[in-house]
2 protein chains.
Amino acid sequence: MRVSTRVEYGLMALVDIAIHSENGESVSTTEIADRQKISQKYLEQILPQLRQAGLIKAQKGLRGGYRLGKPAEEVLLADVFNALDDSILAEMESPREEGDGALRGCINECLWEKINKNLSDFAKGKTLSEFLIECRNKSIRGWDMYVI
Amino acid sequence: MRVSTRVEYGLMALVDIAIHSENGESVSTTEIADRQKISQKYLEQILPQLRQAGLIKAQKGLRGGYRLGKPAEEVLLADVFNALDDSILAEMESPREEGDGALRGCINECLWEKINKNLSDFAKGKTLSEFLIECRNKSIRGWDMYVI
DNA sequence: CATATACCTACTATGTCAATAGGTATTTAT
DNA sequence: ATAAATACCTATTGACATAGTAGGTATATG
């Protein structure tokens, strides 16, 4: 399954912000774009969406930037999905035109709804802080590199 | 999460074929398209893909059509996915350009790979026959309608 | 006052999706 | 033999989404 770069970049930005705002300072788009090798102009479209969803807070002006909008324990993967991608947690549209046997509706109930529920449950159970810890455990070296 | 109409139509066709070839006769594209209200010309692009994957067998010529290529117990949802959609069970591409902290790779391992594994496990555990039974149990009336 | 920042809107190039269209080869029924 | 119905193949199209690019405005800070 393919995840859009919007979501991927948004998640990377969230992690970057979480790590680099620990000292109390805001993290600017420029910093994130440089560190994570993401187009700055593209990021500038993504971050306001995360802000509108309440996941980050913005500070305008010189020395401004972003911080988390709530504790990392309360930022869910599902929130990121919903903020950045209309379709990823959306269920299939209701069947357009049914044939004789309502087969389409049956497939919808038996399969797509279950698949979407699985995905949704996973995303609702995954917090940013959990994710940070998981990544950290994977590689101390990697973690050090984040902080540098 | 959105599933392509190719996959949806392919699945509907499989079910239709399974049901209507029980008497030993082949099921033609025309029949399926009519019953399920799917564009016939579009179906004509989908069914050969299912045949190449071994899920159905084709019989050319007058009175020809399709039958299952193997018992319904051995037809997996994952097979349908793989036959009709390159991306649905494909993992994310390997990260293009890593920033300082290999964050992208970490996100890949911690999230996308898990999500894909969940989906893949579900799809590999779901057989066509299971699905037929589930649909049947949902509504006797619906089932009758299939068979008519 | 200069600068660095968030934020906003428009544009573009590329690709994918969902069909549509027309034609060929093959098998069966008559 | 012939006609009809079928699978199969290839090309084309219109709409839409994706992944950016570009330029400009408002705002807070030093």
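Numbered from 1 within each chain, the chains take letters A, B, ... in sequence-line order.
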Round to a whole Å and report the spacing from CD of Gln52(B) to P of dA7(D).
15 Å
Output, in order, the C-alpha distance, side-chain angles, deciding distance and verdict of side chain to side chain contact (heavy atoms under 4.5 Å, CB included) for His20(B) and Arg35(B).
CA-CA 11 Å; His20(B) 292 92; Arg35(B) 265 195 296 265; 3.2 Å; yes
Considering only heavy atoms from C-beta outward, does the side chain of Met1(B) approach that of Met1(A) to under 4.5 Å?
yes
If the sugar-phosphate is the primed atoms plus P, OP1 and OP2 and the base is the rest, what is the B/S/- string for nucleotides 23-30 of chain D, using protein heavy atoms under 4.0 Å?
BB--BBBS
Take atom CD1 of Ile88(A) and atom P of dT18(D), then tell me their distance rounded to the nearest Å.
11 Å
For Thr29(A), answer base if it contacts any base atom (sugar-phosphate contacts may also be present), sugar-phosphate if it contacts only those atoms, and nothing otherwise; contact means non-hydrogen atoms under 4.0 Å.
sugar-phosphate
Would you call Glu134(A) and Lys114(B) a salt bridge, using N to O less than 4.0 angstrom?
yes
Output yes when at least one side-chain N/O atom of Ser39(B) is less than 4.0 Å from OP1 or OP2 of dT20(C), else no.
yes
Assign the ring pair Tyr9(A) / Tyr42(A) to parallel, tilted or perpendicular, where the plane angle (0 to 90°) is split at 30° and 60°.
perpendicular
Within less than 4.0 Å of OP1 or OP2 of dT18(D), is there a side-chain N or O belonging to Ser4(A)?
no
Between Leu68(B) and Leu14(B), is any pair of side-chain heavy atoms under 4.5 Å apart?
yes
Nearest-Å distance, CD (Gln36(A)) to C1' (dA19(D))?
18 Å
With a 3.5 Å cut-off and no angle check, do the side chains of Arg67(B) and Ser21(B) form a donor-acceptor pair?
no
Hey, are the side chains of Leu11(A) and Leu111(B) touching, using non-hydrogen atoms and a 4.5 Å cut-off?
yes
Scanning both residues in full, the closest heavy-atom pair of Asn116(A) with Ile88(A) reads OD1-O, 4.5 Å
So does Tyr66(A) get a side-chain nitrogen or oxygen closer than 4.0 Å to the phosphate oxygens (OP1/OP2) of dC7(C)?
yes
Can you work out whether Pro48(A) or Asp85(B) has the more 5'-proximal nearest nucleotide on DNA chain C?
Pro48(A)
What is the distance from atom CD of Glu109(A) to atom CZ of Arg104(A), rounded to the nearest 0.5 Å?
14.0 Å
Who passes salt bridge (Lys or Arg N to Asp or Glu O under 4.0 Å) against Glu130(B), sequence neighbours left out?
none
Could you tell me whether the phosphate oxygens of dT16(C), OP1 or OP2, come under 4.0 Å of any side-chain nitrogen or oxygen in Arg2(B)?
no
Return the value, rounded to whole Å, for the distance between atom CD of Glu31(A) and atom P of dA4(C).
13 Å
How close or far is atom C1' of dA5(D) from atom CG of Leu47(B), stated in whole angstroms?
16 Å
How long is the line joining CD1 of Ile32(B) and P of dT6(D), in whole Å?
11 Å
Starting at OH of Tyr42(A) and ending at P of dA17(D), how long is that distance when rounded to a whole Å?
14 Å
Between the base of dT20(C) and the side chain of Gln40(B), is there a donor-acceptor distance below 3.5 Å?
no
Take the protein atom CG of Leu50(A) and the nucleotide atom C1' of dA6(C), then report the distance between them rounded to whole Å.
14 Å
Kindly calculate the angle separating the two end axes of the helix from dC1(C)-dG30(D) to dT30(C)-dA1(D), each obtained from five base pairs, and round it to 10 degrees.
10°
